[in-house]
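Comments concern the structure below.
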2 protein chains.
Amino acid sequence: MNDSDDGKGQAAPRKRADARRNERALLDAAAAVFVTSGVEAPIRDIAARAGVGVATIYRHFPTRAELIIAVYRHQIEECAKAGPVLLASSASPHAALGRWINLFVDFLVTKHGLAAVLQSDDAGFQQLHGYFLERLLPVCAELVAAAVEAGEILPDLEAYELMRGVGNLCIGAESDPRYDARRLVGLLVEGLRRR
Amino acid sequence: MNDSDDGKGQAAPRKRADARRNERALLDAAAAVFVTSGVEAPIRDIAARAGVGVATIYRHFPTRAELIIAVYRHQIEECAKAGPVLLASSASPHAALGRWINLFVDFLVTKHGLAAVLQSDDAGFQQLHGYFLERLLPVCAELVAAAVEAGEILPDLEAYELMRGVGNLCIGAESDPRYDARRLVGLLVEGLRRR
DNA sequence: CACGATAAGGAACCGTGTTCCGTTTCGCAA
DNA sequence: TTGCGAAACGGAACACGGTTCCTTATCGTG
């Protein structure tokens with residue numbers, strides 16, 4: 001990744017030093033606040049923690065989704081990259097799929113409120129949903145396809161539906177000790193299996 | 001937990017006629033608005049539709065959860081009552097469990113936003129969560145127990161977890177044609193099966 | 001019919017997201 | 001080093017929805 005490349009691809013108009021400093025401060029502050037108050041924490045809290053005004057957040061991250069993506073982009077990349085690795089190193093495609101989904105679940109469950117916001121039908125979060133899909137769906141689809149080809153699972157479920165289902169199962173998992181999302185996801189993956 | 005009866009019925013101190021009229025109007029208005037705008041529709045919308053002031057809603061239904069419960073109470077009762085019936089009339093306990101869960105899913109999926117709000121960790125909705133649990137968990141538990149006893153499913157999942165999982169899978173199902181909650185729930189139930 | 005209790009209505013209040021605008025800071029060049 | 005225009009900033013102001021408060025209207029009984 002490039003230091004001043006925002007990932008949009010075109011020639012970046014060269015940002016001012018204070019802008020870069022603030023962006024960094026915002027990312028750090030957001031990460032910290034997300035941990036304690038969840039990804040829906042008030043904008044003002046994040047701004048305060050970063051020592052900037054609210055408008056500065058909007059300038060750098062016009063939507064909350066963009067801020068969330070920026071904070072977690074690295075971890076999401078990691079997860080995406082793990083797919084092919086697991087496929088190559090596991091005993092079977094179905095096993096790889098299961099392990100990869102565990103990775104995904106671990107990520108979601110440890111980010112307070114992320115799973116919920118990911119499925120929100122609020123317009124501002126479509127971006128977030130879109131980003132996750134764009135980045136992780138191909139990986140998931142590859143694993144599913146491999147498992148289908150190996151005859152381990154039935155070909156009747158789209159990878160999209162699987163990912164949404166898994167995401168849904170993770171909602172609220174961090175705030176209810178009686179609810180173990182991992183177990184249910186495991187059951188779901190088990191249910192895919194051809195019998 | 002409940003002082004004998006948490007319903008409306010018995011020792012009511014005799015309400016005034018206009019109060020009863022407004023309560024009815026509110027229930028009708030809420031039902032209509034829930035259909036078009038979901039269960040999180042603005043209070044003011046419901047008040048306007050019923051032709052009353054906002055305070056009147058709070059007087060009759062102090063929390064949104066109470067309003068939602070009042071609107072859907074009848075259907076929830078129906079669902080609860082269907083459990084034993086299905087158990088008696090189905091070929092096997094596992095089949096009965098599957099059918100009953102389908103009923104539950106159908107109910108949730110057709111109530112815009114209800115599944116989401118059901119899992120919300122917002123304090124005001126704990127009541128709603130609590131009511132569903134209180135009413136439906138015993139039914140589900142009975143079906144699960146029967147299936148376990150018949151040796152059809154493994155005894156390693158609490159009915160609570162199953163219900164929460166099913167509820168979670170229903171989130172957002174009404175607003176995404178690519179996502180079929182019924183199918184995923186079916187897979188989950190399939191995953192329960194002993195193999 | 002009068003009067004007290006019950007209920008109604010809507011303005012006001014509060015917290016949070018979002019926008020606007022005057023002020024400050026930066027980076028460049030003279 | 002200083003001056004200047006553009007970039008960026010901060011916080012007040014606005015929008016919106018939930019919740020409360022207080023005054024007024026209505027009910028129903030004596």
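Lettering follows sequence order; numbering is per chain, from 1. Values reported hereafter were calculated over all heavy atoms of this structure, with side chains retained and with hydrogens, waters and symmetry mates removed.
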Please encode protein proximity along nucleotides 7-16 of chain D as a string of B, S and -, counting only heavy-atom distances under 4.0 Å. BSBBBBB---
hydrophobic_cluster_shared for Ile171(A) and Val109(A), side chain cutoff 4.5 Å: no
In terms of ring plane angle, is the pair Phe107(B) and Tyr72(B) parallel, tilted or perpendicular, where the classes change at 30° and 60°? perpendicular
Any sub-3.5 Å donor-acceptor pair from [X]'s side-chain atoms to [Y]'s backbone N or O?
X	Y	result
Ser90(B)	Pro93(B)	no
Trp100(B)	Cys79(B)	yes
Arg49(B)	Ala25(B)	no
Thr36(B)	Val33(B)	yes

Of Arg16(A), Lys15(A), Arg20(A), which is the lone residue that meets salt bridge (charged side-chain N to carboxylate O under 4.0 Å, His left out) with Asp18(A)? Arg16(A)
Could you tell me the separation between the CD atom of Glu40(B) and the C1' atom of dG18(D), rounded to a whole number of Å? 12 Å
Have Thr110(A) and Glu174(A) got a donor and an acceptor in their side chains that come within less than 3.5 Å? no
Span of DNA chain C, from the first to the last nucleotide whose atoms fall under 4.0 Å of chain A heavy atoms: dT16(C) to dG27(C)
